[in-house]
There are 2 protein chains.
Amino acid sequence: MTIQTEQEYLAAYRPEHYPRPLFSVDVAIFTLHDGVLKILLVQRAEHPFVNHWALPGGYVDLSADADIAATARRKLLAKTGVNAPLLEQVETVGNATRDPRGWSVTTLYMALIPYAPTTEFMESVVDARWWALDELENLALAFDHRELVELARARLKNKTAYTVLPLHVLQQPFSLSQLQQAFELLLGSELEKKSFRRRILNADLLQEVGIGIPAGGKGRPAALYVPAPGSEQHLFVRVFGESGVE
Amino acid sequence: MTIQTEQEYLAAYRPEHYPRPLFSVDVAIFTLHDGVLKILLVQRAEHPFVNHWALPGGYVDLSADADIAATARRKLLAKTGVNAPLLEQVETVGNATRDPRGWSVTTLYMALIPYAPTTEFMESVVDARWWALDELENLALAFDHRELVELARARLKNKTAYTVLPLHVLQQPFSLSQLQQAFELLLGSELEKKSFRRRILNADLLQEVGIGIPAGGKGRPAALYVPAPGSEQHLFVRVFGESGVE
DNA sequence: TCAATAGTGTCTGTCAGACACTATGTT
DNA sequence: AACATAGTGTCTGACAGACACTATTGA
């Protein structure tokens with residue numbers, strides 16, 4: 001072969017000549033409901049793993065998706081109707097055995113959404129439903145999705161210890177108690193009330209928007225808050241709970 | 001089409017029928033030398049971006065690599081001769097524009113190795129060399145590798161604030177001053193001596209193995225250490241330096 | 001008045017920052 | 001002795017944990 005310019009090389013390039021892995025994007029969508037952490041799974045209609053429950057996900061649409069985050073957003077929108085949630089890349093898993101069709105790579109994203117806005121929409125999506133994480137124990141998930149769920153769950157827990165991730169699972173406005181409950185559920189352990197309030201309030205992350213009793217609540221009305229602009233990327237220099245980040 | 005079993009489906013499956021992105025693995029290999037942080041780049045021999053400097057990386061060998069970490073390890077071994085270093089997945093970047101050949105995805109790994117053991121080996125690798133990170137400013141890197149380098153650099157910095165990552169760039173045994181210098185170079189800022197020593201020693205991460213003057217050193221001989229078993233995954237509950245983790 | 005929830009006062013312990021100090025080697 | 005580097009003593013401030021306490025609502 002003679003020396004080529006890059007243009008000549010590209011003109012002659014035939015991607016299909018090179019064997020390469022399957023590539024997909026999967027999304028672990030979490031929410032809080034009835035006091036438990038839930039994840040959205042879809043029931044597969046096709047081989048492989050027909051009828052098994054799986055994370056929403058699929059292949060990149062080469063003509064429609066600008067990047068892999070767009071693929072993840074598209075999958076999320078299709079299943080939940082939610083458009084601009086917290087969406088974050090977790091990890092990429094690729095090996096020869098995870099998909100019976102051959103060498104396969106998936107990039108796992110995790111999304112957090114408040115429960116209610118999606119509920120009505122969800123009714124019509126017959127092949128999708130929320131599962132409490134505990135319910136998954138006896139459920140056979142497709143592919144290696146059980147491990148993917150665990151990866152996302154672990155990330156969620158870790159980041160809850162030093163960020164304000166849990167803000168994203170709440171409907172606004174919310175009380176500090178509701179926020180604390182969200183932290184506790186994502187963290188999987190209880191927090192001391194005073195410490196929690198001190199930490200959040202001192203960090204100047206919230207805007208008070210009034211006082212009220214959140215739907216169905218009892219007792220003294222609480223101050224209600226919305227996140228202050230830019231607060232979502234706040235990082236604490238000290239970690240919540242004893243220790244044990246990833 | 002009639003209803004199939006999964007076996008029939010798999011037998012009839014032709015992966016090449018589905019358009020999908022290119023997939024590669026790239027590795028940002030860091031070390032410390034002459035008091036600066038360096039990264040290993042290779043000069044491309046082929047299109048696209050011939051002669052440009054790039055991160056070591058390439059395609060998955062579907063028959064030889066068990067998973068994507070194996071691909072990363074293989075690339076690292078080929079360029080440095082180092083076998084079992086710290087190797088950690090950083091992030092996956094995929095979009096329509098990063099590779100002129102089309103939609104392309106790469107999973108970025110980062111590796112840390114001590115300088116010396118690789119030096120002799122490196123002499124013979126004519127297409128690879130260490131670059132101080134500052135030198136990269138005026139260098140045109142292939143693809144989006146400049147951004148990938150920045151991603152890896154940022155991860156390195158963040159994790160240095162709450163782990164003992166810098167252990168992996170030192171030859172053993174090392175003094176606390178050397179360890180502190182490693183932390184400072186990866187962190188990009190200076191640390192207070194007493195705080196540093198207290199933090200490291202109280203965490204019980206090191207085994208003292210004697211006293212000596214590290215090669216070429218002056219002044220009072222220092223206690224020398226090696227990492228205690230399992231110390232590598234230690235996590236501090238409080239972050240180093242003012243704040244500013246990712 | 002009681003149950004239920006919101007919110008506070010305050011002590012303690014841990015640990016990073018600052019910085020002045022002492023210790024031990026070489027030339 | 002002068003230097004260079006290793007290593008310490010000790011005060012301070014930030015902040016999480018613990019826990020008892022007070023406040024405000026509805027039934």
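In what follows, every chain begins at residue 1, and chains take the letters A, B, ... in the order their sequences are listed.
The nearest whole Å value for the distance from the CZ atom in A/Arg197 to the C1' atom in D/dA16 is 16 Å. In this structure, the CD1 atom of B/Ile200 is 13 Å from the P atom of C/dC15, given to the nearest Å. Residue B/Leu201 contributes atom CG, which lies 9 Å from atom P of D/dG7 at whole-angstrom precision. Atom pair A/Leu176:CG and C/dT5:C1' shows a separation of 13 Å (rounding to whole Å applied). Summarising the geometry, the separation between CD on B/Glu192 and C1' on D/dT12 is reported as 13 Å, rounded to the nearest angstrom. For B/Asn202 and C/dC15, the CG to P distance is 7 Å, given to the nearest whole Å. As rounded to whole Å, 11 Å separates atom P of D/dA18 from atom CD of A/Glu190. Rounded to whole angstrom, the span from the CG atom of A/Leu187 across to the P atom of D/dA16 amounts to 14 Å.
A donor-acceptor contact under 3.5 Å links the side chain of A/Arg220 to the base of D/dA23. Counting distance only, with no hydrogens placed and no angle test, the side-chain atoms of B/Arg198 and the base atoms of D/dG7 include no donor-acceptor pair under 3.5 Å. Interface remark: the A/Lys194 side chain does form a donor-acceptor pair with the C/dG9 base, using a distance-only criterion of under 3.5 Å. The base of C/dG7 sits with one of its N or O atoms less than 3.5 Å from a complementary donor or acceptor on the side chain of A/Lys193.
Both B/Tyr225 and A/Phe196 lie close to DNA chain D; mapped to their nearest nucleotides by heavy-atom distance, the more 5′-ward contact belongs to B/Tyr225.
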Distance-only donor-acceptor pairs under 3.5 Å for side chains of residues 200-207 of chain A, two or more places apart:
from	atom 1	to	atom 2	distance (Å)
A/Asn202	ND2	A/Arg198	O	3.4

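Considering only side-chain N and O atoms, B/Arg238 lies nowhere under 4.0 angstrom from the phosphate OP1 or OP2 of C/dA16. One finds no side-chain N or O of B/Ser177 lying less than 4.0 angstrom from the OP1 or OP2 phosphate oxygen of D/dT5.
Here the straight-line distance linking atom CZ of B/Phe183 with atom CG of B/Leu165 works out to 8.0 Å at 0.5 Å rounding. With rounding to the nearest 0.5 angstrom, the CG atom of B/Leu170 is 9.0 Å from the CD atom of B/Gln181.
Within 6.0 Å of the CD atom in B/Glu232, the count of heavy atoms belonging to other residues, nucleotides or ligands exceeds 12.
The existence of a salt bridge linking B/Asp127 and B/Lys79 is confirmed by a sub-4.0 Å separation between a basic side-chain nitrogen and an acidic carboxylate oxygen.
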